[in-house]
Amino acid sequence: MPATAATEIRPLETVGHYVDGAEVPDSTRVLAVTNPATGEVSRNVACASRDLVKDAVTAASNAFPMWGNTEPLKRARVLFRFKELLETHEDEIVALITNEHGKTLDDAKGELIRGIEVVEYACGIPELLKGEHSPHVGPGIDAWSQLQPLGVVAGITPFNFPAMVPMWMYPIALACGNTFVLKPSEQDPSAPLYCAHLLTEAGLPDGVFNIVNGDKEAVDALLEDSRVMGVSFVGSTTVAEYVYNKGTSNGKRVQALGGAKNHAVVMPDADVDQAVSALIGAAYGSCGERCMSISVVACVGQETADACVSKLKDALNGMNIGDGTNTSNDMGPLVSEKHRERVRRYIDLGVQEGANLVVDGRGLVVNGLENGFFLGPCLFDEVEPHMRIYQEEIFGPVLCVVRAKSQEHAMQLVNDHEYGNGTCIFTRDGEAARYFAEHIQVGMVGVNVPLPVPASIHSFGGWKRSLFGDHYAYGPDAVRFYTHRKTITQRWPSGGVREKSQFAFPS
Ligand code: NAD
């Protein structure tokens with residue numbers, strides 16, 4: 001069956017919602033879920049109505065008093081079991097990701113492992129929630145602070161990491177004592193639903209974790225429900241800004257992570273072979289559909305640029321592209337026909353804008369998978385900052401080379417860009433690297449590391465229009481995001497002595 005943006009009911013399996021510990025089949029309105037490698041509709045996903053979202057928030061609200069009062073150690077034990085179940089069912093989860101997203105099995109496994117690392121971090125919640133205590137802040141007065149859960153929190157996630165990005169959110173939110181409603185991407189909803197079943201199997205009480213599938217209607221219902229206290233969003237900048245503005249104006253705490261245009265700077269002293277090898281994976285892995293993908297290489301000096309372009313070209317010719325289930329492939333298809341068309345339009349535009357298309361992947365056909373959403377790797381040289389292919393996020397297998405005059409010039413390009421998610425520098429010069437790390441206006445920086453996705457003990461987030469809000473995702477920032485700080489100042493008057501009223505400010 002060809003891929004369509006179907007909204008009618010089809011006689012196919014429909015991915016439902018997960019409310020109060022059970023799947024809820026709600027298919028008044030459905031969308032098609034396609035296998036991007038074949039272009040065939042494999043199942044449908046139900047789109048939650050406002051009433052269904054209300055039911056999910058009610059389930060989460062009802063579960064909150066019990067879960068919020070459960071000892072952190074007991075909450076951690078559920079997460080320990082969840083981690084074990086994720087490992088036991090790795091093959092099933094990875095297969096679902098590849099089937100609906102299209103990325104290779106290896107890549108899907110990498111995503112799952114990075115998600116599990118956040119679960120492992122969340123298992124340390126008794127330590128992470130330890131407050132601060134100060135005896136004798138005044139005569140006979142002690143003070144301490146403690147972190148308390150917000151209540152019901154929601155997560156809204158993109159298609160590109162269907163298992164990992166939700167795991168940036170719910171393991172820590174749950175560990176902190178919140179209850180959760182997840183709205184995964186409608187393009188690949190099966191992996192998160194599978195994980196919801198594993199949470200229940202791990203002993204998570206019903207209603208603590210819920211899923212509403214669907215689109216804008218479900219998102220708006222979450223943003224308008226006064227019982228939702230916090231919202232974590234990851235997706236494109238336009239929607240991130242919308243979610244942030246609407247959520248905060250409705251009194252919610254919101255963190256909204258948006259799009260990116262990540263630059264790699266290659267210095268004249270860099271090991272170019274090493275840099276190119278790293279760049280190929282960082283630019284074309286997952287078909288460039290990563291918010292940390294490198295999409296621009298700023299080469300310092302003409303010689304560096306010539307060497308990089310020539311080696312990139314050679315490396316691209318050796319890439320294997322095809323079905324993500326074939327382990328010899330380096331790159332699978334894009335997620336949808338609509339997205340492939342959007343990326344193609346950018347390639348056409350780059351040519352019109354005058355950039356030099358050194359490698360053109362538009363004509364790629366994968367034998368036997370002619371209806372799949374494949375696009376070969378593309379490489380543009382001589383890209384200029386005024387071009388739209390430089391300014392806008394393409395989110396596909398397209399790398400733009402910009403020729404910079406100096407390190408300062410390359411850094412200025414990065415700093416002037418509206419996005420500030422990730423960046424990296426390739427160099428052998430410690431001083432240049434230190435200067436770069438210190439002065440670059442970007443949230444996550446690599447030195448000879450092309451994808452500087454922070455380990456789970458740190459936090460993930462960008463600057464500028466890559467993040468709306470004050471908290472990064474996962475790591476210590478997530479503990480702060482998902483909790484209220486409460487500071488208690490306490491005194492137990494002794495000896496029955498009644499003191500006079502004090503009108504001066506206590507000091
Ligand atoms: P998207 O913004 O289209 O969708 C994200 C979520 O928002 C989905 O759940 C979707 O259903 C919902 N949504 C879409 N349109 C909406 C609307 N008008 N109103 C309310 N909700 C809406 O993003 P995507 O295409 O799924 O994912 C790709 C984008 O995500 C890229 O821009 C990428 O850079 C970004 N991303 C960012 C990060 C990060 O950490 N900064 C990580 C992963 C992906």
Visitor: Restricting to pairs with a member in residues 75-101, which pass ring pair (Phe, Tyr, Trp, His ring centres under 6.0 Å), not counting sequence neighbours?
Guide: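 Residue pairs passing ring pair (Phe, Tyr, Trp, His ring centres under 6.0 Å), neighbours aside: His89-Tyr194, His101-Phe159.
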Visitor: Counting C-beta onward and ignoring hydrogens, is there a side-chain heavy-atom pair between Arg253 and Leu150 closer than 4.5 Å?
Guide: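 Yes, their side chains come closer than 4.5 Å.
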Visitor: For Leu223 and Val219, what are the C-alpha separation, side-chain angles and deciding distance, and is it a side-chain contact (heavy atoms from CB on, under 4.5 Å)?
Guide: CA-CA 6 Å; Leu223 294 173; Val219 172; 3.9 Å; yes
Visitor: Quick check: do Phe380 and Val358 have side-chain heavy atoms less than 4.5 Å from each other?
Guide: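 No, their side chains stay 4.5 Å or more apart.
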Visitor: Can you see which heavy atom on Ala473 is nearest to which on Leu257, and at what distance?
Guide: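 Where Ala473 meets Leu257 most closely, the heavy atoms are CB-CD2, 4.1 Å.
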Visitor: Passes salt bridge (Lys or Arg N to Asp or Glu O under 4.0 Å), Arg362 versus Asp348? Steps please.
Guide: CA-CA 9 Å; Arg362 287 175 294 182; Asp348 298 344; 2.5 Å; yes
Visitor: Between Val402 and Val297, is any pair of side-chain heavy atoms under 4.5 Å apart?
Guide: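 They are not in side-chain contact.
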Visitor: Consider side chain to side chain contact (heavy atoms under 4.5 Å, CB included). Of Ile389, Leu316, Leu357, which one does Cys378 pass it with?
Guide: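 Output: one option passes, namely Leu357.
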Visitor: Flag the pair Arg388 and Glu353 as a salt bridge only when some basic side-chain nitrogen lies within less than 4.0 angstrom of an acidic carboxylate oxygen.
Guide: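 No, no charged N to carboxylate O under 4.0 Å.
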Visitor: Determine, stepwise, if the pair Glu341 / Lys338 fulfils side-chain contact (heavy atoms from CB on, under 4.5 Å).
Guide: CA-CA 5 Å; Glu341 275 316 303; Lys338 188 174 163 208; 5.9 Å; no
Visitor: Got more than 12 heavy atoms from elsewhere within 6.0 Å of NZ, Lys246?
Guide: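 Yes, because the 6.0 Å sphere around NZ of Lys246 holds more than 12 heavy atoms from other groups.
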Visitor: If you compare all heavy atoms of Phe460 against all heavy atoms of Pro454, which two are closest, and at what distance to 0.1 Å?
Guide: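 Shortest heavy-atom contact: CD1-CD, 3.6 Å.
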Visitor: Can you see which heavy atom on Cys47 is nearest to which on Asp215, and at what distance?
Guide: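 In this case the closest contact between Cys47 and Asp215 is SG-OD2, 4.1 Å.
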Visitor: Name all pairs fulfilling the salt bridge (charged side-chain N to carboxylate O under 4.0 Å, His left out) condition that reach into residues 281-293, sequence neighbours left out, sorted by first residue then second.
Guide: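 Matches after skipping sequence neighbours: Asp107-Arg290.
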Visitor: Output side-chain donor-acceptor pairs under 3.5 Å for residues 201-210, partner residues at least two apart or in another chain, one line each.
Guide:
{"unit_1": "Asn210", "atom_1": "OD1", "unit_2": "Asp20", "atom_2": "N", "d": "2.9"}
{"unit_1": "Asn210", "atom_1": "ND2", "unit_2": "Phe180", "atom_2": "O", "d": "3.2"}
{"unit_1": "Asn210", "atom_1": "ND2", "unit_2": "Gly207", "atom_2": "O", "d": "2.9"}

Visitor: Does a sphere of radius 6.0 Å around NZ in Lys313 hold more than 12 heavy atoms from other residues, nucleotides or ligands, not counting ones at 6.0 Å or beyond?
Guide: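 No, not enclosed.
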Visitor: According to salt bridge (charged side-chain N to carboxylate O under 4.0 Å, His left out), does anything in residues 176-192 pair up with another residue at least two apart or in another chain? List the pairs.
Guide: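 Only Lys183-Glu186 qualify under salt bridge (charged side-chain N to carboxylate O under 4.0 Å, His left out).
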Visitor: Among all residues two or more places apart in sequence or in another chain, which pass the side-chain hydrogen bond (donor to acceptor under 3.5 Å, both in side chains) test with Ser190?
Guide: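 Once residues adjacent in sequence are excluded, the partners of Ser190 under the side-chain hydrogen bond (donor to acceptor under 3.5 Å, both in side chains) criterion are Glu100.
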Visitor: When rounded to the nearest 0.5 angstrom, what distance separates SG in Cys176 from CG in Leu128?
Guide: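 If we round to the nearest 0.5 Å, Cys176:SG and Leu128:CG are 7.5 Å apart.
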Visitor: So, using side-chain hydrogen bond (donor to acceptor under 3.5 Å, both in side chains) as the criterion, who are the partners of Arg50 when residues are at least two apart?
Guide: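 Applying side-chain hydrogen bond (donor to acceptor under 3.5 Å, both in side chains) to Arg50 gives Glu224.
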Visitor: For atom CG of Asp470, decide whether the heavy atoms of other residues, nucleotides or ligands shown that lie under 6.0 angstrom number more than 12.
Guide: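 Not more than 12 within 6.0 Å, no.
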Visitor: Which pairs count as salt bridge (charged side-chain N to carboxylate O under 4.0 Å, His left out) when at least one residue sits in residues 367-378, sequence neighbours excluded?
Guide: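 For residues 367-378: none.
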Visitor: Checking Lys311 now: which residues fulfil side-chain hydrogen bond (donor to acceptor under 3.5 Å, both in side chains) with it, not counting sequence neighbours?
Guide: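 Lys311: side-chain hydrogen bond (donor to acceptor under 3.5 Å, both in side chains) contacts with Asp273.
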Visitor: Can you tell me how far apart SG (Cys195) and CG (Leu96) are? Round to the nearest 0.5 Å.
Guide: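 Result: 9.0 Å between the selected atoms.
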Visitor: Does the side chain of Tyr244 reach to within under 4.5 Å of the side chain of Phe233, using non-hydrogen atoms?
Guide: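 Tyr244 vs Phe233: side chains apart.
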Visitor: Hey, what's the ring geometry for His263 with Tyr390, parallel, tilted or perpendicular (30° and 60° as the breaks)?
Guide: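 Taking Tyr390 first and then His263, their aromatic rings stand perpendicular (interplane angle over 60°).
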Visitor: Within this structure, what is the CD-CG distance for the pair Glu111 and Asn160, rounded to the nearest 0.5 Å?
Guide: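 Separation between the atoms: 8.0 Å.
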Visitor: What is the distance from atom CG of Asn213 to atom NE2 of His17, rounded to the nearest 0.5 Å?
Guide: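 Taking CG in Asn213 and NE2 in His17, the distance rounds to 6.0 Å.
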Visitor: Can you pull the salt bridge (charged side-chain N to carboxylate O under 4.0 Å, His left out) pairs that have at least one residue in residues 51-63, sequence neighbours excluded?
Guide: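 Qualifying pairs, neighbours excluded: none.
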Visitor: Please test Leu364 against Val366 for side-chain contact (heavy atoms from CB on, under 4.5 Å), starting from the C-alpha separation and ending with a verdict.
Guide: CA-CA 7 Å; Leu364 175 83; Val366 176; 4.0 Å; yes
Visitor: Answer whether the closest heavy-atom distance between the side chains of Leu174 and Arg75 falls below 4.5 Å.
Guide: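 Side-chain contact under 4.5 Å: no.
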Visitor: Rounded to the nearest 0.5 Å, how far does CG of Asn262 lie from CG of Leu451?
Guide: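 It comes to 8.5 Å.
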Visitor: Within the 3.5 Å criterion, strictly below it, is a donor on Glu392 or Tyr346 matched to an acceptor on the partner's side chain?
Guide: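 Distance-only check passes for Glu392 and Tyr346.
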Visitor: Quick check: His471 with Tyr482 (ring centres under 6.0 Å apart)?
Guide: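 Not close enough - the centres of the two rings lie 6.0 Å or further apart.
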Visitor: Output, in order, the C-alpha distance, side-chain angles, deciding distance and verdict of side-chain contact (heavy atoms from CB on, under 4.5 Å) for Leu334 and Val343.
Guide: CA-CA 9 Å; Leu334 284 157; Val343 176; 4.3 Å; yes
Visitor: Not counting sequence neighbours, which residues clear side-chain hydrogen bond (donor to acceptor under 3.5 Å, both in side chains) with Asp314? List them please.
Guide: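 Asp314 satisfies side-chain hydrogen bond (donor to acceptor under 3.5 Å, both in side chains) with no other residue.
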Visitor: Check Asp323 against Ala37 and note the closest heavy-atom contact, atom names and distance.
Guide: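 For Asp323 and Ala37, the tightest heavy-atom pair comes out as OD1-CB, 3.8 Å.
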Visitor: Please determine if Glu418 and Arg465 form a salt bridge, counting it only when a charged side-chain N lies under 4.0 Å from a carboxylate O.
Guide: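 A salt bridge links Glu418 with Arg465.
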Visitor: Under the ring-ring contact (aromatic ring centres under 6.0 Å, His included) test, which residues partner His197, sequence neighbours left out?
Guide: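 Counting only residues at least two positions away or on another chain, His197 forms a ring-ring contact (aromatic ring centres under 6.0 Å, His included) with Tyr18.
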Visitor: Is there side-chain contact between Arg81 and Val78, with at least one heavy-atom pair below 4.5 Å?
Guide: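 With C-beta onward as the side chain, the pair touches.
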Visitor: Can you see which heavy atom on Leu79 is nearest to which on Val119, and at what distance?
Guide: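 Nearest pair, atom of Leu79 first, then Val119: O-CG1, 3.6 Å.
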Visitor: In Å, rounded to the nearest 0.5 Å, how long is the span from CD1 of Ile97 to CD of Glu92?
Guide: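 Atom-to-atom, Ile97:CD1 and Glu92:CD are 11.5 Å apart.
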Visitor: Is it the case that Asp106 and Thr104 place a side-chain donor and acceptor less than 3.5 Å from each other?
Guide: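 No donor-acceptor contact under 3.5 Å links the two side chains.
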Visitor: Suppose we screen for ring-ring contact (aromatic ring centres under 6.0 Å, His included). Which residues come up paired with His339, at least two apart in sequence or across chains?
Guide: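 Once residues adjacent in sequence are excluded, His339 has no partner under the ring-ring contact (aromatic ring centres under 6.0 Å, His included) criterion.
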